[in-house]
Amino acid sequence: MNVLHFFVTGYPGYRPVVMIDGQRIKLKKDDKGRLSCAYTTEAKIVRVTVLRYFETNAKGWFWLGLLFLLLGLGIFAPSYSRRCLAPACCFDVWLGEQSEVGVNFVRAKKGGRVVEYRTECGVQEYSNVYNVDLRAKRRARVLALMQALIIIGVLVTGVLLIIKYGLGLF
Amino acid sequence: MPREKLPFGPPPPGKDLAMMYSGRLGHILFSFSVVCMVLCCMGLASFVMSAVLILVALVGVLITLGTVFSFAPDFFTDMLDAAGNAIEFSQMLLDIFPILFACGTACAALAVVFYALDRSRRHIGGIVLSSIFLGILLILLIAYLI
């Protein structure tokens with residue numbers, strides 16, 4: 001059995017999802033303060049994939065987004081990020097009996113590298129770049145427009161209410 | 001191993017989605033707690049607000065060496081009226097202080113919980129600030145009761 005000690009350092013602005021051989025792994029803080037896990041496998045080569053999930057790629061994204069915008073009256077609801085940088089990161093690692101593989105996440109920027117490797121094992125990189133998730137970006141734009149409309153609606157309603165009822169002061 | 005198509009833009013699983021929306025809800029509640037806290041402060045600082053307005057009027061007169069009266073003859077009266085309005089507004093806020101306090105405390109406490117539930121992003125700042133707001137609200141309650 002081969003044991004892969006996998007650890008993650010750096011914070012790209014979101015919590016990335018790491019998959020080993022298509023299986024999502026749970027990372028926990030170790031005594032060195034980095035996120036890590038131990039993965040046991042019989043395979044000599046494992047494939048590591050890094051993902052990022054966007055709320056706007058979910059089913060019912062529009063209605064859920066609208067609900068939360070209305071809850072926050074538009075003004076108090078956090079806006080959706082329109083950068084939508086998705087990591088396209090996939091690499092193979094050749095394992096020994098005990099292997100330590102680490103990745104350091106670099107600050108996310110379009111076309112930039114996702115991770116830097118910290119390992120002495122052999123690594124075959126297939127992809128390691130930030131792309132823009134166009135679908136998520138388009139949907140985030142729609143929600144930003146909805147937010148602007150809700151803010152205008154709330155402001156107009158507020159002004160109308162003040163004009164009609166006042167605050168008992170003016 | 002053949003090059004596979006990367007999983008690009010997959011929909012988040014239910015658990016991740018719940019976490020993301022938990023963080024979003026936490027942010028909304030955090031903003032509401034800030035508003036409630038500010039209104040509580042304004043209610044308690046009623047006399048300070050009116051005093052500041054009168055002070056601003058006096059400073060305005062001094063800085064312009066009284067020439068402000070040439071183009072706004074009722075300047076001081078208007079400012080005094082504004083101070084009166086500010087006192088009335090603050091009185092209204094004081095009347096609803098218990099409601100504002102309850103809403104603010106509940107929102108700040110829930111914001112901490114919802115922020116903590118969201119593990120898709122870091123919310124250390126939000127959690128710390130919400131906890132600070134809880135402390136400030138408690139101090140304001142003591143000031144109100146005294």
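Heavy-atom basis, side chains included; hydrogens, waters and symmetry copies ignored. Letters go in sequence order (proteins before strands), and every chain restarts at 1.
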[X], [Y]: one ILVMFWY side-chain cluster at the under-4.5 Å cut-off?
X	Y	answer
A:V103	A:L95	yes
A:V17	A:V129	no
A:W63	A:L69	yes
A:Y39	A:Y117	yes
A:I75	A:F68	yes

If I measure from the heavy atoms of chain B, does A:A58 come under 4.5 Å with its side chain, its backbone, both, or neither? both
Considering only heavy atoms and a distance below 4.5 Å, find which of B:S31, B:P13, B:P12 pairs most often with chain A. B:P12
Begin with the C-alpha distance, continue with both residues' side-chain angles, and end with the deciding distance and a verdict on side chain to side chain contact (heavy atoms under 4.5 Å, CB included) for B:V35 and A:F76. CA-CA 10 Å; B:V35 172; A:F76 301 119; 3.5 Å; yes
Separation between CE (B:M20) and OG1 (A:T56), nearest 0.5 Å, reads 8.5 Å
Working to the nearest 0.5 Å, report the span between CG of A:N57 and CG of B:L17. 10.5 Å
Is it the backbone or the side chain of [X] that comes under 4.5 Å from a heavy atom of chain A, or both, or neither?
X	value
B:F30	neither
B:V34	neither
B:L25	both

Other residues, nucleotides, ligands: >12 heavy atoms within 6.0 Å of A:R82 CZ: no
Is the closest side-chain heavy-atom distance between B:R121 and A:R15 below 4.5 Å? no
Donor-acceptor check, side chain of B:R24 to backbone of A:P78, threshold 3.5 angstrom: yes or no? yes
Most chain B-contacting option - heavy-atom pairs closer than 4.5 Å, from A:F54, A:W61, A:Y53, A:Y14: A:Y53
Show your working on side chain to side chain contact (heavy atoms under 4.5 Å, CB included) between B:F32 and A:L73 and close with a plain yes or no. CA-CA 10 Å; B:F32 279 127; A:L73 304 174; 4.2 Å; yes
